[in-house]
Amino acid sequence: MKALAVYVLRERDGAPQEIHIESGISGLVASYAGIVERFEAAALPDGRVSLLFEDGRQFCGRARPAATFGIEMWHASGRRPVRIADPLRDRIAHAAEEVGSPDEEEEFRALMPGRVIEIKVAEGDRVEAGQLLLVIEAMKMHNEIRCDRPGVVASVEVSTGQLLEGGALLVIVRPGSDGSSPGSSP
Amino acid sequence: MKALAVYVLRERDGAPQEIHIESGISGLVASYAGIVERFEAAALPDGRVSLLFEDGRQFCGRARPAATFGIEMWHASGRRPVRIADPLRDRIAHAAEEVGSPDEEEEFRALMPGRVIEIKVAEGDRVEAGQLLLVIEAMKMHNEIRCDRPGVVASVEVSTGQLLEGGALLVIVRPGSDGSSPGSSP
Amino acid sequence: MRLLVANRGEIALRIFRACRDLGIETVAVFSDADRTAPHVAAADYAVRLGPAPAAESYLSVPALLAAAARTGATLVHPGYGFLAENAAFARACVGAGLTFVGPAPEAIEAMGSKIESRRRMRAAGVPIVPGMAAPAREASEIVAFGRTAGYPLLLKASAGGGGKGMRRVEDESEVAAAFARTTSEAKLYFGDGAVYAEKLIDRPRHIEVQILGDQRGNIISVGERECSVQRRHQKVIEECPSPAVSPELRSRLCDAAVAAARAVSYTSCGTVEFLLAPDGAFHFLEMNTRLQVEHPVTEQVWGVDLVTEMIRVAMGESLSVRAEDLTPRGHAIECRIYAEDPRRGFAPSPGTIVSLRLPAGPGVRNDVGIESGSVVTIDYDPMLGKLIVHGVDRPQALARLARALSEYEIAGVDTTLPLFRRLVADPEFVSGTIDVHWLDRRLQPGFLDPPPLSREEVLLAAVTLSDSPASRETGRPPAPASRWADAARRESLRGPS
Amino acid sequence: MRLLVANRGEIALRIFRACRDLGIETVAVFSDADRTAPHVAAADYAVRLGPAPAAESYLSVPALLAAAARTGATLVHPGYGFLAENAAFARACVGAGLTFVGPAPEAIEAMGSKIESRRRMRAAGVPIVPGMAAPAREASEIVAFGRTAGYPLLLKASAGGGGKGMRRVEDESEVAAAFARTTSEAKLYFGDGAVYAEKLIDRPRHIEVQILGDQRGNIISVGERECSVQRRHQKVIEECPSPAVSPELRSRLCDAAVAAARAVSYTSCGTVEFLLAPDGAFHFLEMNTRLQVEHPVTEQVWGVDLVTEMIRVAMGESLSVRAEDLTPRGHAIECRIYAEDPRRGFAPSPGTIVSLRLPAGPGVRNDVGIESGSVVTIDYDPMLGKLIVHGVDRPQALARLARALSEYEIAGVDTTLPLFRRLVADPEFVSGTIDVHWLDRRLQPGFLDPPPLSREEVLLAAVTLSDSPASRETGRPPAPASRWADAARRESLRGPS
């Protein structure tokens, strides 16, 4: 048997778990959470994948790698994202989270494609928790992006009327109510 | 205006007709059968093409070039093949047809993918009109390929049990009831 | 004969299908965002209206009239939304010599004003919610009404609709501020600051009756629909019949609805909406003077094609059906499928439909406005289509709904399908004991969280990655999780908009 | 609970949908040609049977029983075709402790023999075509029968079915040769040389009655179907109800069908077929002891799910419907869509489905066994699926059929869709004045020739070429036309097979 791949998967709030996938004599062998599963996988003409297990169970779904979080998956119970990373990446991500303290700068990003309708703050402005930063239009809705803790606007990365992709950086806020002088960020 | 392309189209039994397609100020201009049509074409996400004419008429269909006869087309009234050739090719095809006399060898080809079940003739056999040459299985049907005029089998290009692609050459028959000696074909 | 549909998406396709069934040619209109949309590809004629924004395209009366003139269309169907309940558009069509497939402008106007429609209903003997007979000139009039009717009250913009321009008032101390805000919102959204107060019916069901009328004075009802599964006053699931309506209540509801339609001499397809109180009393809410989104559930159960009837009566024909010939069969349920992510507060989810698999088989009807490859833009209502199921009774309809939802796949944008998959298994929804606020209460954090990953899901994910080393290597490293969790948290701070 | 479907394609999917509606888990079986087929992807369990040839897979009783054992299936549904009317398979299932979803083996056997079934029908008082009561031992017995009954006669293999093993005999001089040929064919095709003669009913309609029975002695009829549109004895289009059947005739047909089913103590879903003569007399033809391909038209009109009933009664439950509660609504039509080219003598057209667009909207039901990308092989029956439409009456059903056909697109293989598009506009079909030979007469050369190319078609072709210079340059030069014309001409010389 030859090892094909090793992945680390994390559910929301769950501990990372390793999956080993190897090619076996008649199909694939996966080791995961202490269980060994033998199965066979076939690509369907419409792009879905059908998994067939030793006891006859069949599972069919569509999955594609997503740039930012691992795998996006569709099957009979609907769409779900699955966060998968290789072990190295996973350790880096963990480290980043631990460093992320209340003093860290906060990035506000667009959660969906849209258009900037109105910008309510400028670089250097002091902002309070709940204060409106900017308004984005997506479909027919106006979405207000508000600050969730006090701080100072470190930079505004968009302009009014600009078209946005999902995930685009909008505003960076440096936390703290004391308000160190604007413009001194590294 | 810039000429984009010139094609020659022939309906079954119809005379060849030239189509000129040019790019105009706002769309395309076609000249065909003495008529000039201005229209706009848009590719739909599913691969179909939508044509929009000056009077508002809309026509949507799918078409793809076919290796052997021009264009294969699907729209609301169903599938249809359209024979399109460029002028040069068309002249060659015409010339070939005029040469095609009753004395010419006749090629029998598979019209669909299938399997050879039985071969009833051998090279050199004299055959009569209506005589069974071979039997092909496609799906659950046995299809008998029969000779339509008398002649001599010039060659058998397949063997029993062989899998066939559509269009595969099966048997060549040299016409004529006199039966010139086999093996003397060029 | 040629009919222009002044609309887009699934409803344009629905009306085109009715036209084909009647032998009428079809004219699509489109904005620059919709040149390659399915409704254009399905039409015999198609005319560009203007740029993507609706004000410059689907709401542009001059562009629509020009499109009809250019293509020789003689009938205009407004669909729903856009100009469907705009009396001025109906008048403009008639003025241009076109047949408007809808009611007379006077009926649209009468029912478009909450105050005027309540006045007419009161006169016609249709039960209405106790409320003020005229807009309040000042807050003190509302205070006076509240002392008579009792709290809670509901302040309503007279020109409002679709759940907009309403505010609940718990006691007298809230009246002044609520009146000021509702008045200014009514001016802003509807161009008319008129506001009045009604007694608030607590935990009502939304029951509506389908009406068909012709120009010869025939008006019939075609049963009721249950539309109580709502999110922030927007219908999410509709059923026919209502699990809460007995034959006796149905008969009274239908009589009241026919009386309401008769009060405005209604001559088309329309819907009379009622609030059904927990005590069994019902009250006129409003009349929608157009084809309703949820009309298919009535079609499936009552065996009537509402759209062909609507077109026929617009051309002066009599209704092809009589009330006494109609009998309901079975139970139908409709789900409105939106490009919204129910797990992120129903945030819009524009994008490209990278794959679309529609359910099929017995009892399944698809009315959709998209295809694989369609682009869902931010310009229009994000409804992608409707799934309608029909069964011999409500349990079979629910079973078929679950089955159809398990076959449904839309990849590329987030949709409300996960909500429906959750609701079809929800004991309260299945029991039918719901009211118009039920879903808002039910949608608590975690309600739509997926179950832990199954072994099959884990292996599908791993197989996909094994199989696509290229995409793995070119993928950017995942963003730190905390950023996205923060963003989702911020998302929940957004106010309704 | 788990049900194994010993079949493939659209009928496997149809039965799986019924299982989902009943909360029963599903088990698919597949040959090596079908690992990626839609019926496998739709199942909870799937088991490989063997290589592509049906004898080694879908007809292999040991492989099927092993698959049931491995997956813990307790129910087996045979679908139609393959082992659906094989009494030995039904016995083998019962012997293995499985529930066979179909009638008792004795009923299958009794109705599987033409001579035995005629004997039973005669005893039960069901009208049968005048014919010999036992197989002919020699030609002289047929001559004697012919002198009594009058010509033309029809020679029939006792074990035959599906239009095979029949021969028309015009007069006495043809008897000897016809008897010899039919006997040898019967031995070859059915392994049983028994042949008998019937009086031939000229230009009959094929009318069949749907039967449902349970294990408690309830047997009901669910209306009739009109199946006279046939090509060489194979059904092409089916309708419910028949345009030729009055309520009085329906009542007599249904009574006869129930008597026929009662004569074999029928306990499942089945169909009694009749020939309806031009003079209004009807005669028992045969009983199909299984689910019929065309069952959906009955489901649409009568509001009964025949497959869930069939599964329920197999588990010992009573029928969920009573005859007196059933009323028909509207009219339904089904088209069987085959991968055959109707313009080349219905030659099989295997290949890959490169694009599939299914019709949708009101009154449309799709039961298909393919998806975009599916490969249609030469191994099995070439039916791709069925289009079923339903309308308030036959004219609306026909209009909806035309509409649905205009939306239907299957690219990559030739199909019978062009035949249906032609038939739906055919005055004789529309009038309903047809018989079982009508389509064979109608299918004259040129009947399916497309009209001359329209301007739109010419421009679509030219635009496609302009837009794809690459494909133009890499395409091989077209083969001289005469070759293909010759090939098509030869094609028409093929005998029936």
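Heavy-atom basis, side chains included; hydrogens, waters and symmetry copies ignored. What you see is a predicted model, and the numbers here were worked out from it, not measured in a lab. Below, read A as the first sequence line, B as the second, and so on, with proteins coming before strands; counting in each chain starts at 1.
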Quiz item: Given that the side chain runs from C-beta out, which part of C:E456 has a heavy atom under 4.5 Å from chain A: side chain, backbone, both or neither?
Solution: both
Practice problem: Examine whether an atom of C:L459 lies under 4.5 Å from a heavy atom of chain A, and if so say whether it belongs to the side chain, the backbone or both; otherwise answer neither. | Solution: both
Quiz prompt | Shortest non-hydrogen contact from C:G412 toward A:W74 | solution = N-CZ2, 3.7 Å
Exercise. State, with a plain yes or no, whether a side-chain heavy atom of A:F59 is found less than 4.5 Å away from one of C:E457.
Key: yes
Quiz item: Given that the side chain runs from C-beta out, which part of A:R62 has a heavy atom under 4.5 Å from chain C: side chain, backbone, both or neither?
Solution: both
Quiz item: Measuring heavy-atom distances to chain A, does C:T415 have an atom under 4.5 Å in its side chain, in its backbone, in both, or in neither?
Solution: neither
Distance-only donor-acceptor hits, side chain of residues 43-54 of chain A, under 3.5 Å, sequence neighbours excluded:
unit_1, atom_1, unit_2, atom_2, d
A:D46, OD1, A:R48, N, 3.1
A:D46, OD1, A:R48, NE, 3.4
A:D46, OD2, A:R48, NE, 2.9
A:D46, OD2, A:R48, NH2, 3.3
A:D46, OD2, C:R357, NH1, 2.9
A:R48, NH2, D:E371, OE1, 3.3
A:S50, OG, A:Q58, OE1, 2.8
A:S50, OG, D:R35, NH1, 2.9
A:S50, OG, D:R35, NH2, 3.2

Quiz item: Non-hydrogen atoms of chain A under 4.5 Å away: do they reach the side chain of C:R422, the backbone, both or neither?
Solution: neither
